[in-house]
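Encoded as structure tokens, the structure appears first; notes follow it.
Letters A, B, ... mirror the listed sequences (proteins, then strands); counts begin at 1. Any value given below was found using the heavy atoms of this structure, including those in side chains, with hydrogens, waters and symmetry copies removed.
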Amino acid sequence: MREYKDEIGRLLEPLVNLTAARIMDLLEVPPEPQLGDLAFPCFSLAPVLKKSPAAIAEELSRKLSGQRGTFWEKAVSRGPYLNFFLDPVVFARDTLARILKEKTDFGKTNIGQGRTVVIDYSSPNIAKPFGIGHIRSTVIGHALYLLYQALGYRCIGINHLGDWGTQFGKLIVAYKRWGNEAELLADPVNYLFQLYVKFHQLADKEPELEYEARFWFKKLEEGDAEAYDYWNRFRQMSLDNYNQIYDLLGIKFDFFHGESHYNDMLEGVIRLAREKGIARESEGALIVDLEPHGLPPVMLQKKDGATLYITRDLAAAIYRYETFNFARALYVVGAEQKLHFQQLFKVLELLGFEWAQNCFHIPFGLIRFKEGRMSTREGNVIFLEEVLQRAIRMAREIIEEKNPGLADKESAAIAVGLGAVRFGDLSNDRIKDIEFDWDKALDFSGETAAYIQYAHARICSILRKAGGAELTWSDDAAAYLQQEEERALVKILALLPEKVLASAEAYRPSILARYLIDVARGFNRFYHRCPVLGSDAALQQARLLLIDATRQVLVNGLALLGIAAPEEM
RNA sequence: GCGCCUGUAGCUCAGGGGACAGAGCGACGGAUUCCUAAUCCGCAGGCCGCAGGUUCGAAUCCUGCCAGGCGCACCA
């Protein structure tokens, strides 16, 4: 669409007193296709020319009457707008040729030019089960990783495991008191979770448990061998479990640098804060006063000498910059931690790190129950593993019912089941809270991944039936695509690159997800109106090229969301 | 108490200055001798939380209020 706007910008520049760039900026897409393809609103010219916007539009259309450009065939005034109609044949030829030539590269650009983006995502807390609450960071972060890669950035995915902190003291206490080796080995993560819940139930009545837990965490920080052995075992058991889920989801990280990774850098952070004169003692603890910046104070060190979450985050940020020299660092972490990141970035700035301005918190809303918030402590969680398995099982049942003859039901079920769960998290604006509902999580109709995948599978089916021979592009084909549904579909397909860009820049995978729904809808309308196979040879060829391009757009788009596109389902 | 986020159709949500506010689900009515009906078409359903303001123009920006959610030094 850029080339078209560019042409119109240059066309109008001498006629109105605006730069081509400004005109391109003003151009918008009319709400109805009958109105045209691109509209130039004349409102802003009215006060300058002392004429009504409608009169200006009218005058411009008179000046352009009888003219046509490379891409547009006519310009018509309509109220205060000057509406351009693109030449549908030229447009279809350009768009389809480009998609079919670029193939999997369609939608990608190189505006990143190899610069580095560090993305911190997933980051579950070790020794707790992987709950449904963690899927958002995992899935959104992974989509951003793929999107930035598509823009030519070098992405570094870091899983900032919550593998340090008082919860390990709690687990050690719980295991020493009530633990059973056989039960632990049988189902490690679940068992550790039960111990964690039990600890909190009893800690309400026996406050000395909390005291003991802090004691054991202190020992762990001091390098006590027994504490370390427990920690290391619990950590490894959890990681083994998480890796199964990541494998199933096809998610990879470049580094599993958890909080523990930064232990020997904490002293340096504290020393630096003292040197810079931003840290001071308060009630026995070491704090950074952020009041001049309108933020609550940050604590770097407790009065018992132990460090906190933010101390480790400071060390991690500095380490990441020194190691990767990032152009941007993204933290895909829940919105409830907004203040934490404001404080983190401010302290980095006060420490003199200019790159602090390139650090961004990418927040997302909570997943809640109707009854209220999920809480690991209260054992009130839904395991992601269970959600994924149920989704796959349900997809399998539907396939059994709809397409009993399908050869590979299992891989289709996995693609559809996992796609549904992922899409549920990606399709809505990430900032909104999600109320967890089994029916919604397992829904395969309407605006879901299955809708998109189904359109893709249908296209593949038609292409198979057409003989599967390599389609050859012909510039003449575009002239045969005259139906309204065909032209509408072409217009949608052309949008992929700008949607990918917008999605990445706004850190909102939902923009791409919504767009793919539009593509699938455009295809379905075409499908019902325009038979592909059995139409006359030239038309069939043109339609095969159109659906092949559609297939490519769906595949490319779904890939950027981490969703599989099965050829049959 | 202070701060941040959210409020659009019965429900879940798009749209985030510009042409009559859009989908999905649910309800109702249709479409298959033909490429997968996980589809498509139609119909019904709206003081865009409330009140002011800015603007030629506000669901969209600003202010106040209301409702819900989330935060605010020894958890992460």
Q: Please check if the distance between the ring centroids of A:Phe40 and A:Phe84 is under 6.0 Å.
A: no
Q: Could you work out the separation of B:C66 and B:G49 based on their C1' atoms and round it to a whole Å?
A: 7 Å
Q | Qualifying salt bridge (charged side-chain N to carboxylate O under 4.0 Å, His left out) pairs with a residue from residues 523-545 of chain A, counting only residues at least two apart or across chains | A | A:Glu485-A:Arg529, A:Glu486-A:Arg543
Q.
Under 4.0 Å, counting only non-hydrogen atoms across every strand here, what does A:Gln342 touch: a base, just sugar-phosphate, or nothing?
A. nothing
Q. Does A:Lys402 place a side-chain N or O at less than 4.0 Å from the phosphate oxygens OP1/OP2 of B:A38?
A. yes
Q. When we call it a touch if two heavy atoms are under 4.0 Å apart, what does A:Ala39 touch: a base, just sugar-phosphate, or nothing?
A. base
Q: Scan A:Glu32 against the nucleic acid and name what it touches under 4.0 Å (heavy atoms): base, sugar-phosphate only, or nothing.
A: base
Q: Indicate, with a heavy-atom threshold strictly under 4.0 Å, whether A:Ala285 touches base, sugar-phosphate, or nothing.
A: base
Q: Among B:C75, B:U6, B:A19, find the nucleotide with the atom closest to the side chain of A:Ile431.
A: B:U6
Q: Kindly express the pairing pattern of RNA chain B in dot-bracket notation, using | wherever a base pairs with another strand and counting only Watson-Crick or G-U pairs under 3.5 Å.
A: (((((((..((((....[...))))..((((.......))))......(((((..]....))))))))))))....
(Q) Within the 4.0 Å heavy-atom criterion, would you say A:Cys530 contacts the bases, only the backbone, or no part of the nucleic acid? (A) base
(Q) So, does A:Arg525 get its side chain near the phosphate of B:C41, meaning an N or O under 4.0 Å from OP1 or OP2? (A) yes
**Q.** Under-4.0 Å side-chain N/O to phosphate OP1/OP2 contact, A:Arg458 with B:A37
**A.** yes
(Q) Please classify the nucleic acid contact of A:Pro30 as base, sugar-phosphate, or nothing, using heavy-atom distances under 4.0 Å. (A) base
**Q.** Quiz item: cation-pi between A:Arg458 and A:Phe523, 6.0 Å / 45°
**A.** no
Q.
Tell me if the centroids of the rings in A:Phe193 and A:Phe130 come within less than 6.0 Å of each other.
A. no
Q.
Is the distance from the ring center of A:His257 to that of A:Tyr319 below 6.0 Å?
A. yes
Q) What is the nucleic acid contact for A:Gly162, judged by heavy atoms within less than 4.0 Å: base, sugar-phosphate only, or nothing? A) nothing
Q. Using a cut-off of 4.0 Å on non-hydrogen atoms, how would the nucleic acid contact of A:Lys303 be classed: base, sugar-phosphate, or nothing?
A. base
Q) Base, sugar-phosphate, or nothing: which does A:Ala457 touch, judged by heavy atoms less than 4.0 Å apart? A) base
Q. Atom CD of A:Glu336 and atom P of B:C72: how far apart are they, to the nearest Å?
A. 10 Å
Q) Looking for any heavy atom pair under 4.0 Å, which part of the strands does A:Tyr451 touch: base, sugar-phosphate only, or nothing? A) sugar-phosphate
Q. If you draw the axis of the six-membered ring of A:Phe199, does the NZ or CZ of A:Lys170 fall within 45° of it and under 6.0 Å from the ring centre?
A. no
Q.
Any base atoms under 4.0 Å from A:Ile517, or only sugar-phosphate, or nothing? Heavy atoms, all strands.
A. nothing
Q: Output the single nucleotide from B:C35, B:A38, B:C74 whose closest atom is nearest the side chain of A:Val416.
A: B:A38
(Q) Can you see if the side chain of A:Asn524 gets near the phosphate of B:C40 - specifically, an N or O under 4.0 Å from OP1 or OP2? (A) yes
Q: If a protein heavy atom is under 4.0 Å from the base, mark B; if only from the sugar-phosphate, S; if neither, -; do that for nucleotides 12-17 of chain B going 5' to 3'.
A: SSSS--
Q: Could you check whether A:Asp439 gets within reach of a base, just the sugar-phosphate, or nothing at all, counting any heavy atom under 4.0 Å?
A: nothing
Q) When we call it a touch if two heavy atoms are under 4.0 Å apart, what does A:Leu339 touch: a base, just sugar-phosphate, or nothing? A) sugar-phosphate
(Q) Looking at A:Arg312, I'd like to know whether one of its side-chain N or O atoms comes within less than 4.0 Å of OP1 or OP2 on B:A76. (A) yes
